[in-house]
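Quick notes on the structure that follows.
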Amino acid sequence: MTDRKPLDTEPYKGVRDFYPEELATRRAVFEVIRKALLLRGFEEYDASPLERSELYDRKTSEEIVNEQTYTFIDRGDRRVTLRPEMTPTLARMVSAKRHELVFPVRWFNIGNRFRYERPQKGRLREFYQVDVDIIGIPGEKAEGEAVVTAYDLLSALGAKDQDFTIRISSRVLLNAATEAAGLTSEEAARYIALLDRKAKMPEAQFDQERKEFRKTDRDPLELIEEGGNEAVDTERARLEGLLEAFKARGMENVVFDPTIVRGFLYYTGLVFEIYDTNPENPRALFGGGRYDELVSMFGGQPIPAIGFAFGDVTLMDFLATHNLLPAVKSGAEVFVGTPDESDIPLAQEFAQSLRDVGIATIVHVSGKGLGDQVKEAVRRNIPFFVAYGKDEEATHMVRVKDLARSEEESLEINQVVKHLLQALGK
Ligand code: AMP
């Protein structure tokens with residue numbers, strides 16, 4: 001078997017390995033998000049990434065179902081899909097317990113999603129997404145709260161109004177406009193799909209493709225912009241009311257944008273997306289909207305719902321661009337050196353006294369000389385080094401090395417814990 005080619009160490013296309021530092025960064029960012037959501041009374045839920053494929057057949061976007069799902073037949077002949085998004089799972093879970101749950105349900109999930117996309121900046125085949133949903137309230141109040149929550153999450157990460165723009169529109173508005181413009185429902189669906197692709201095509205191509213949908217003197221976008229149709233104007237006025245409320249709350253970066261439609265088929269009302277103002281990151285950071293019909297896909301009365309999702313790939317690009325990535329430390333805070341292998345049990349006991357107060361500590365056990373142990377601690381980015389053995393045990397004195405400052409201090413053993421806690425800012 002020696003002639004076999006060694007296996008590739010690269011991960012599968014479009015997915016990532018998270019080495020400890022990268023995982024620590026992702027965790028730190030999601031921890032800010034989790035805390036902010038818990039503070040607002042949202043509860044965390046979870047489910048398996050494996051779902052029955054039928055869950056996505058009807059209401060997820062056609063592009064995702066036909067081209068982007070990881071679907072396979074299991075050994076029992078069931079069609080199984082790795083979840084490309086969380087909303088259908090949430091709708092399934094809420095529907096299953098609709099008689100027991102206290103509405104409105106305010107839930108969030110942080111987990112991985114899978115889409116067979118062409119890997120590129122901002123797009124991978126496995127990414128992490130935060131989904132936040134409010135289920136059980138119709139109308140503006142819940143819509144306002146969803147948008148405000150999205151805004152607050154970016155604020156919690158340190159983002160300012162000038163760093164991002166929230167673009168809102170409405171499917172009710174689009175449906176009214178396409179109807180008033182004389183489009184059939186099939187044409188309306190294609191028009192909405194065209195708007196969804198608008199940002200990805202040259203202006204001239206959009207104007208060309210748009211012509212096909214001019215059935216009367218004005219096409220849907222013109223109807224929205226110029227007004228004059230009652231249904232269109234009523235929904236437009238409703239959105240203006242929402243914008244006013246956001247302004248009153250000091251949110252200066254929310255705008256109306258009728259080309260925001262969102263790809264998913266299940267949206268029924270308000271839709272919104274959040275964009276980085278820096279053109280280096282042109283993809284949407286957040287996407288969301290109202291989906292009042294989705295829960296009834298499992299039977300029973302419809303339950304009004306609104307939610308949004310954002311992914312770690314675009315969020316990390318955003319945070320890096322605006323210098324907002326949290327500083328993270330992974331690994332130990334104290335390295336306990338052992339002058340001799342026979343000192344290991346004493347060193348372990350000393351290390352335990354540090355762990356007992358919450359200081360992450362490792363003990364050297366592989367028999368290097370003390371000089372090499374210090375070098376190892378430096379390479380591991382551990383801020384403090386303390387050698388501990390028979391001498392320290394006998395004299396009740398230790399030398400604490402501050403590796404970042406290249407300073408050393410001799411301390412009585414009963415002073416060490418206090419000293420380290422202070423130095424570590426704990
Ligand atoms: P969507 O679920 O398509 O509405 O997307 C919501 C958000 O999830 C986007 O704004 C991105 O932040 C993120 N996202 C969606 N698809 C991908 C992907 N293939 N790779 C990385 N992030 C993604």
### Message
Heavy-atom count check: over 12 atoms from other residues, nucleotides or ligands less than 6.0 Å from Arg27 CZ?
### Response
no

### Query
Under the 3.5 angstrom rule, does the side chain of Asn109 hit a backbone N or O of Tyr45 as a donor-acceptor pair?
yes

### Electrostatic pair Arg171:Asp292 at N-O distance under 4.0 angstrom
no

## Note on the structure
Between Met397 and Glu392 the two heavy atoms that sit nearest each other are O-CG, 3.3 Å

### Sub-4.5 Å side-chain heavy-atom contact between Val80 and Ile73
no

### Query
Counting distance only, does the side-chain N/O of Arg125 pair as donor-acceptor with the main-chain N or O of Glu117 below 3.5 Å?
yes

### Message
Go through it in stages, so that I can follow the logic: the residues are Gln162 and Thr277, the test is side-chain hydrogen bond (donor to acceptor under 3.5 Å, both in side chains), and I'd like the CA-CA distance, side-chain angles, deciding distance and then a yes or no.
### Response
CA-CA 7 Å; Gln162 65 266 24; Thr277 46; over 6 Å; no

### Message
Counting neighbours of CZ on Arg380 that are heavy atoms of other residues, nucleotides or ligands and sit closer than 6.0 Å, is the number greater than 12?
### Response
no

### Query
Sub-3.5 Å donor-acceptor pair from the side chain of Ser95 to the main-chain atoms of Ala91, do we have one?
no

### Query
Is a salt bridge present between Lys247 and Glu252, judged by a nitrogen-to-oxygen distance below 4.0 Å?
no

### Query
Hey, are Asp312 and Arg16 close enough for a salt bridge, meaning a charged N less than 4.0 Å from a carboxylate O?
yes

### Query
In terms of heavy-atom contacts, does OH of Tyr19 have more than 12 from other residues, nucleotides or ligands at under 6.0 Å?
no

### Query
Distance-only, no hydrogens or angles: does the Ser410 side chain make a donor-acceptor pair with backbone N or O of Arg399 under 3.5 Å?
no

### Message
Run the side-chain contact (heavy atoms from CB on, under 4.5 Å) test on Phe385 and Leu370 for me, step by step, so that the C-alpha distance in whole Å, both residues' side-chain angles and the decisive distance to 0.1 Å come before the verdict.
### Response
CA-CA 10 Å; Phe385 181 94; Leu370 273 182; 4.1 Å; yes

### Query
Parallel, tilted or perpendicular: which fits the ring planes of Phe318 and His322, with parallel below 30° and perpendicular above 60°?
tilted

### Task
Could you tell me whether Glu209 and Arg197 make a salt bridge, using a distance below 4.0 angstrom between a side-chain N and a carboxylate O?
yes

### Query
If you measure from CE on Met316 to CD on Glu22, what distance do you get to the nearest 0.5 Å?
10.0 Å

### Query
Is the count of non-hydrogen atoms from other residues, nucleotides or ligands lying under 6.0 Å from Glu44 atom CD greater than 12?
yes

### Message
Are the side chains of Arg98 and Ile303 in contact, using a 4.5 Å heavy-atom criterion?
### Response
yes

### Message
Using side-chain hydrogen bond (donor to acceptor under 3.5 Å, both in side chains), reason through Lys390 and Ser342 one step at a time and then give a plain yes or no.
### Response
CA-CA 9 Å; Lys390 290 178 274 302; Ser342 63; 2.7 Å; yes

### Task
Might you work through the side-chain hydrogen bond (donor to acceptor under 3.5 Å, both in side chains) test for Glu235 and Ser170, ending with a clear yes or no?
CA-CA 8 Å; Glu235 181 65 359; Ser170 152; 2.6 Å; yes

### Task
For atom CZ of Arg355, decide whether the heavy atoms of other residues, nucleotides or ligands shown that lie under 6.0 angstrom number more than 12.
yes

### Query
Crowded around Glu203 CD? As in, over 12 foreign heavy atoms under 6.0 Å?
no

### Query
Can Lys198 and Asp207 be counted as an ion pair, charged N to O under 4.0 angstrom?
no

### Message
Tell me if the CD atom of Gln301 is crowded by more than 12 foreign heavy atoms within 6.0 Å.
### Response
no

### Query
With under 30° as parallel and over 60° as perpendicular, where do the rings of Tyr291 and Tyr267 fit, or are they tilted in between?
perpendicular

### Message
For Phe256 and Arg236: C-alpha separation, side-chain torsions, deciding distance, then whether side-chain contact (heavy atoms from CB on, under 4.5 Å) applies.
### Response
CA-CA 9 Å; Phe256 169 63; Arg236 178 76 201 265; 3.3 Å; yes

### Task
Could you go through the side-chain contact (heavy atoms from CB on, under 4.5 Å) check for Leu403 and Asn381 one step at a time?
CA-CA 9 Å; Leu403 296 174; Asn381 261 328; over 6 Å; no

### Task
For the pair Asp131 and Arg83, evaluate salt bridge (charged side-chain N to carboxylate O under 4.0 Å, His left out) and give the outcome as yes or no after the intermediate values.
CA-CA 13 Å; Asp131 270 66; Arg83 64 178 173 217; over 6 Å; no

### Query
Okay, side chain of Arg210, backbone of Tyr191: is any donor-acceptor separation there less than 3.5 Å?
no

### Task
Please answer whether the main-chain N or O of Ile168 pairs with a side-chain N or O of Asp257 as donor and acceptor at a distance below 3.5 Å.
no

### Message
If I take atom CZ from residue Arg106 and atom CD from residue Glu43, how far apart are they, to the nearest 0.5 angstrom?
### Response
9.5 Å

### Message
Among Val29, Asp152, Leu324, Asp163, exactly one meets side chain to side chain contact (heavy atoms under 4.5 Å, CB included) together with Leu157. Which residue is that?
### Response
Val29

### Task
Mind checking the CZ-CG spacing from Arg26 to Leu315? Nearest 0.5 Å is all I need.
12.5 Å

### Message
Has Arg115 got a side-chain atom pairing as donor or acceptor with Glu126's backbone, closer than 3.5 angstrom?
### Response
no

### Message
If I take atom CD1 from residue Ile166 and atom CD1 from residue Ile260, how far apart are they, to the nearest 0.5 angstrom?
### Response
11.5 Å

#### Entry: Full working for side-chain hydrogen bond (donor to acceptor under 3.5 Å, both in side chains) between His396 and Asn414
CA-CA 8 Å; His396 295 278; Asn414 56 12; over 6 Å; no

### Task
May I ask you to check whether Tyr151 and Phe164 place their ring centres under 6.0 Å from each other?
yes

### Task
Give a yes or no on whether a salt bridge exists between Glu31 and Arg34, defined as a side-chain N under 4.0 angstrom from a carboxylate O.
yes

### Query
For the side chain of Ser406 and the backbone of Asp402, is there at least one donor-acceptor N/O pair under 3.5 Å apart?
no

### Message
Lys200: which residues meet the salt bridge (Lys or Arg N to Asp or Glu O under 4.0 Å) condition with it, sequence neighbours left out?
### Response
none

### side-chain contact (heavy atoms from CB on, under 4.5 Å) evaluation trace for Asp57 with Arg79
CA-CA 11 Å; Asp57 288 346; Arg79 214 155 58 88; 2.6 Å; yes

### Query
Would you find a donor on one side and an acceptor on the other, under 3.5 Å apart, between the side chain of Asn253 and the backbone of Asp161?
yes

#### Entry: Note: Glu145-Arg40 ion pair, threshold 4.0 Å (strictly below)
no

### Message
Tell me if a side-chain donor or acceptor on Gln129 pairs with a main-chain N or O of Asn112 at a distance below 3.5 Å.
### Response
no

### Residue from Phe114, Tyr116, Tyr56 passing side chain to side chain contact (heavy atoms under 4.5 Å, CB included) with Pro84
Tyr56

### Query
Roughly how far, to the nearest 0.5 Å, is the CG atom of Asp219 from the CD atom of Glu225?
8.5 Å

### Query
Are Lys401 and Glu408 close enough, and set up right, to give a salt bridge (charged side-chain N to carboxylate O under 4.0 Å, His left out), and what steps lead you there?
CA-CA 4 Å; Lys401 266 189 207 299; Glu408 189 176 283; 2.6 Å; yes

### Query
Is the NZ atom of Lys97 crowded by more than 12 outside heavy atoms at less than 6.0 Å?
no

### Message
Nearest 0.5 Å, please: how far is CD1 in Ile224 from CG in Leu174?
### Response
5.0 Å

### Query
Between Phe42 and Phe108, is the ring centre distance below 6.0 Å?
no

